Amino acid sequence: KTKCYKMLPLKWLNAIEKLSKFANGNGLIAKRIQLYEKYLAVRDVIYLDWAIENVLLWKQKEINKNCIHIHGDADGVFPIEYIKKCIVIPGGTHLMIINKYKWFNENLPKIITNVYEK
């Protein structure tokens, strides 16, 4: 209702490399910033404004039956308790496609093949 999400300083994403200066030797933060630099390819402010608004204002009530939903049980952005009918990845976070790549490499071909065989 307040649309306060429009006040997010998304322009800062274009300067994420500069944020690494503030890691102050914290290995975990520095490593995470490196991952963001590498994998956060979509930094277009117009797109991000659109994406954030559409996620926050999502109104879909019925699950798409043709959709395969893979979700981590440690996702802090979209908590698992609000998710129904999905393949759950133990320890999977919002960035699990990066740090759970072995699981995806092993299981995604089977999942896709199973869907197309039906």
Side-chain angles (χ1 to χ4, degrees):
K1 292 184 179 194
T2 65
K3 298 192 185 232
C4 65
Y5 57 88
K6 291 189 177 275
M7 295 171 32
L8 291 171
L10 297 176
K11 291 185 283 188
W12 290 3
L13 289 174
N14 289 323
I16 199 162
E17 293 85 1
K18 294 176 185 174
L19 290 175
S20 61
K21 294 177 191 175
F22 299 105
N24 292 330
N26 185 327
L28 181 62
I29 293 173
K31 186 175 181 179
R32 183 155 289 187
I33 289 173
Q34 277 183 324
L35 285 173
Y36 289 149
E37 286 176 18
K38 186 173 183 179
Y39 293 103
L40 188 59
V42 179
R43 298 186 195 182
D44 179 61
V45 176
I46 294 170
Y47 167 76
L48 291 171
D49 280 337
W50 172 87
I52 290 169
E53 183 169 6
N54 279 279
V55 167
L56 292 174
L57 301 179
W58 189 266
K59 300 280 190 230
Q60 186 171 348
K61 299 289 182 195
E62 293 183 28
I63 297 171
N64 182 336
K65 292 175 184 141
N66 296 320
C67 180
I68 300 169
H69 189 154
I70 302 171
H71 203 88
D73 66 359
D75 189 326
V77 178
F78 299 108
I80 191 72
E81 63 255 21
Y82 301 110
I83 308 299
K84 294 176 179 55
K85 296 184 182 180
C86 68
I87 298 169
V88 178
I89 308 301
T93 66
H94 199 64
L95 295 175
M96 71 180 176
I97 197 158
I98 296 168
N99 55 21
K100 295 286 186 181
Y101 65 90
K102 289 179 184 176
W103 186 94
F104 283 96
N105 286 343
E106 182 180 326
N107 293 287
L108 212 49
K110 294 180 233 174
I111 293 168
I112 292 169
T113 303
N114 187 34
V115 168
Y116 285 110
E117 287 178 356
K118 288 183 179 180

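All values below were derived from every heavy atom in this structure, side-chain atoms included, with hydrogens, water molecules and symmetry-related copies excluded. No experiment lies behind these values; they were computed from the predicted model shown.
How far NZ of Lys84 is from NE2 of His69: 11.5 Å, rounded to the nearest 0.5 Å. Here the CD1 atom belonging to Ile52 is positioned 9.5 Å from the OH atom belonging to Tyr47, to the nearest 0.5 angstrom. One distance of note links NZ of Lys59 with CG of Asn54; it measures 11.0 Å at 0.5 Å rounding. With rounding to the nearest 0.5 Å, the separation of CD1 in Ile89 from CG in Asp75 is 11.5 Å. For the atom pair CD of Glu53 and CG of Leu48, the computed distance is 13.0 Å after rounding to the nearest 0.5 Å. One finds the CD1 atom of Ile111 at 8.0 Å from the CZ atom of Phe104 (value rounded to the nearest 0.5 Å).
Val88 and Ile83 fall within a single hydrophobic cluster, where Ile, Leu, Val, Met, Phe, Trp and Tyr side chains are chained together by heavy-atom contacts under 4.5 Å. Two different hydrophobic clusters hold Leu95 and Val77 under the rule that ILVMFWY side chains link at heavy-atom gaps under 4.5 Å.
Residues Ile70 and Met96 meet the side-chain proximity criterion, which asks for heavy atoms closer than 4.5 Å. Under the 4.5 Å side-chain criterion, counting only non-hydrogen atoms from C-beta, Asn107 is not in contact with Ile87.
Enclosure of atom CD1 in Ile80 by more than 12 non-hydrogen atoms of other residues, nucleotides or ligands within 6.0 angstrom is indicated. At most 12 non-hydrogen atoms from other residues, nucleotides or ligands lie less than 6.0 angstrom from CD of Glu62.
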